[in-house]
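To start, the structure under review is shown below, and the notes come after it.
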Amino acid sequence: MTPRILVLAGEPSGDLHGGHVVAALRARFPEATIDAVGGPRMAAAGATIRRSIEGLSAMGLVEILDKLPAHWRLLRSLRHDFDHRRYDLIIPVDYPGFHLRVAESARRAGIKVLWYIAPQFWAWRPGRAQRFARAVDRLAVILPFESRFFSAVGIATDYVGHPLVDRGTAPTRAAARASLGLPENARVLALFPGSRRGEIHRLWPAYRDAARRLLVAGDCTHVLVAATADGCYADTEGLTLVTDGTERVLAAADAALAKSGTTTLEAALADVPMVVAYRLNPLTFRILRSLVTVRWASLVNLVADREIVPELMQGQVTADALVAAVRPLLDPSGTAAGDQRRGFAEVRARLGGPGASDRLAALAGQMLAA
């Protein structure tokens with residue numbers, strides 16, 4: 001029987017990872033029907049897009065409210081598909097708030113669920129893992145410590161490695177700097193204020209002002225901003241906006257100032273010392289503060305299970321504090337940068353080798369054959 005698979009993403013990062021999943025599935029099952037809720041990456045990999053992710057994603061408990069009608073319409077459509085047994089297997093990629101409801105609907109209809117990139121229940125509201133366990137048949141996790149947590153609540157869990165490790169060879173430092181018009185001996189600070197409008201709005205003023213002070217003081221000679229094409233970055237004089245992704249920016253950088261999230265792992269893989277600084281919507285932060293059960297916000301520190309990079313949150317994110325934290329890292333021969341790089345080597349060793357999407361496709365094959 002020809003496999004019928006639905007892969008679901010809810011935001012651009014999910015579309016990126018989902019694109020690799022679709023490509024691996026297409027290689028393993030060339031005759032399969034592979035549909036997707038996704039974006040251009042999944043379409044380019046060979047999936048038929050049932051619904052675009054545009055207009056779905058939001059960050060935070062408050063911000064998601066105006067997206068609820070679109071999510072409800074999509075869920076109703078998917079339930080119709082599941083009731084008519086349109087698919088043999090669904091693969092939700094991250095995006096737990098909505099995908100948990102999708103998974104529950106699929107299982108009620110007798111459709112198998114292979115979840116990729118686990119919800120961070122180990123970080124907050126761990127009690128929700130029990131509901132999650134009832135909604136999935138198998139879970140593919142990308143962080144090494146997640147296997148222990150999810151196996152303990154009764155989920156068949158496989159650590160497949162982190163998809164960031166599968167990225168192609170990054171540009172060399174010299175090539176990245178040449179392509180950006182930077183001299184080889186430049187001292188470069190990279191800024192990663194996020195991709196969503198809300199997080200850019202909350203982080204950009206402090207990031208920008210700190211970078212300017214470091215420029216004026218001579219701690220760095222150039223500042224690169226990993227920007228989005230539609231992001232709002234006020235007063236960028238003297239700063240260089242780069243909108244074609246993070247790889248060139250990281251390859252060219254001596255140090256980085258970054259939001260929490262996957263960017264921190266990207267910087268660790270690129271061996272770029274960093275300070276992590278993040279602000280949430282104040283109401284969202286007040287709600288989450290009472291629910292969070294982990295000590296660190298950055299994935300680098302979580303994977304290492306110790307503090308490798310400094311973290312500044314909410315009211316700590318001021319230009320003064322950012323300058324003080326970043327300045328030591330701009331000296332590549334200094335103790336602070338060296339200590340972080342030794343920690344990054346430990347993190348890279350824990351993330352596993354390449355092949356996360358291929359291992360996920362192999363799990364899908366096992367489930368389809370069972």
Side-chain angles (χ1 to χ4, degrees), residues 2-59 67 70-71 73-75 77-82 86-103 105-106 111-119 136 138-142 160-168 195-196 228-230 244-247 261-262 266 354-365 367-368:
T2 302
R4 301 167 301 169
I5 304 170
L6 175 66
V7 184
L8 303 108
E11 55 188 348
S13 64
D15 180 50
L16 173 63
H17 299 313
H20 295 302
V21 169
V22 170
L25 290 169
R26 185 60 72 197
R28 183 171 286 265
F29 310 108
E31 77 288 359
T33 297
I34 303 177
D35 291 347
V37 175
R41 304 280 189 142
M42 295 166 81
T48 299
I49 302 299
R50 292 282 315 283
R51 203 283 189 195
S52 171
I53 59 172
E54 185 176 352
L56 289 180
S57 65
M59 180 67 178
K67 307 293 183 181
H71 285 87
R73 289 191 295 269
L74 176 57
L75 180 60
S77 174
L78 291 173
R79 283 173 173 166
H80 179 270
D81 292 340
F82 299 155
R86 180 167 179 163
Y87 301 107
D88 305 301
L89 175 70
I90 73 163
I91 305 177
V93 181
D94 200 8
Y95 206 60
F98 177 67
H99 284 167
L100 180 56
R101 291 170 174 80
V102 173
S105 297
I111 296 168
K112 295 176 181 177
V113 178
L114 169 59
W115 192 294
Y116 181 46
I117 306 181
V136 302
R138 201 157 182 175
L139 174 62
V141 299
I142 64 172
V160 296
H162 203 286
L164 284 178
V165 181
D166 286 327
R167 289 193 175 183
S195 58
R196 299 179 181 90
T228 61
D230 59 351
D244 62 352
T246 62
E247 285 195 347
T262 305
E266 292 180 284
S357 298
D358 292 334
R359 287 187 281 273
L360 179 78
L363 294 177
M367 294 179 68
L368 289 166

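Values reported hereafter were calculated over all heavy atoms of this structure, with side chains retained and with hydrogens, waters and symmetry mates removed. Since the structure is predicted, the reported quantities are computational estimates derived from the model, not experimental observations.
Looking at every heavy atom in both residues, Phe29 comes nearest to Pro3 through CD2-CG, 4.3 Å. Here the closest heavy-atom approach between residue Val165 and residue Pro354 is recorded as CG1-N, 3.8 Å. Listed here is the closest heavy atom pair of Phe98 and His71: CE1-O, 3.2 Å. When all heavy atoms of Ala24 and Asp358 are compared, the closest pair comes out as CB-OD1, 3.7 Å. Of all heavy-atom pairs spanning Ala32 and Thr2, the tightest one is CA-CG2, 3.8 Å. When every heavy atom of Ile90 is checked against every heavy atom of Val102, the shortest pair comes out as CD1-CG1, 4.0 Å.
Rounding to the nearest 0.5 Å places CG of Leu89 at 11.0 Å from CZ of Arg138. Considering CG of Leu164 and OG1 of Thr246, their distance stands at 8.5 Å, rounded to 0.5 Å. Rounded to the nearest 0.5 Å, atoms NE2 (His99) and CG (Asp94) are 8.5 Å apart. Here Ile49 contributes atom CD1 and Ile34 contributes atom CD1; the two are 11.0 Å apart, rounded to the nearest 0.5 Å. Taking CD1 from Ile111 and CD1 from Ile5, the interatomic distance works out to 12.5 Å, rounded to the nearest 0.5 Å.
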One pair to check against side chain to side chain contact (heavy atoms under 4.5 Å, CB included): Tyr87 and Asp81. What are the steps and the verdict?
CA-CA 8 Å; Tyr87 301 107; Asp81 292 340; 4.2 Å; yes
For a side chain to side chain contact (heavy atoms under 4.5 Å, CB included) check, start with the C-alpha distance between Arg86 and Arg50, then their side-chain angles and the critical distance, and finish with the verdict.
CA-CA 12 Å; Arg86 180 167 179 163; Arg50 292 282 315 283; 3.5 Å; yes
Stepwise side chain to side chain contact (heavy atoms under 4.5 Å, CB included) check, Leu78 with Leu6
CA-CA 10 Å; Leu78 291 173; Leu6 175 66; 3.8 Å; yes
For Tyr116 and Val160, run side chain to side chain contact (heavy atoms under 4.5 Å, CB included): C-alpha distance rounded to whole Å, both residues' side-chain angles, the deciding distance at 0.1 Å, then the answer.
CA-CA 9 Å; Tyr116 181 46; Val160 296; 3.9 Å; yes
Using atom types as modelled, flag every donor-acceptor pair under 3.5 Å from a side chain in residues 12-21 to any protein atom, sequence neighbours excluded.
{"residue": "Asp15", "atom": "OD1", "partner": "Gly39", "partner atom": "N", "Å": "2.8"}
{"residue": "Asp15", "atom": "OD1", "partner": "Met42", "partner atom": "N", "Å": "3.1"}
{"residue": "Asp15", "atom": "OD2", "partner": "Arg41", "partner atom": "N", "Å": "3.0"}

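For the pair Pro163 and Ile142, the minimum side-chain heavy-atom distance is below 4.5 Å.
In this view, Arg79 and Ser105 satisfy the side-chain hydrogen bond (donor to acceptor under 3.5 Å, both in side chains) rule, not counting sequence neighbours.
In terms of modelled atom types and a separation under 3.5 Å, the side chain of Asp88 and the main chain of Leu368 share no donor-acceptor contact.
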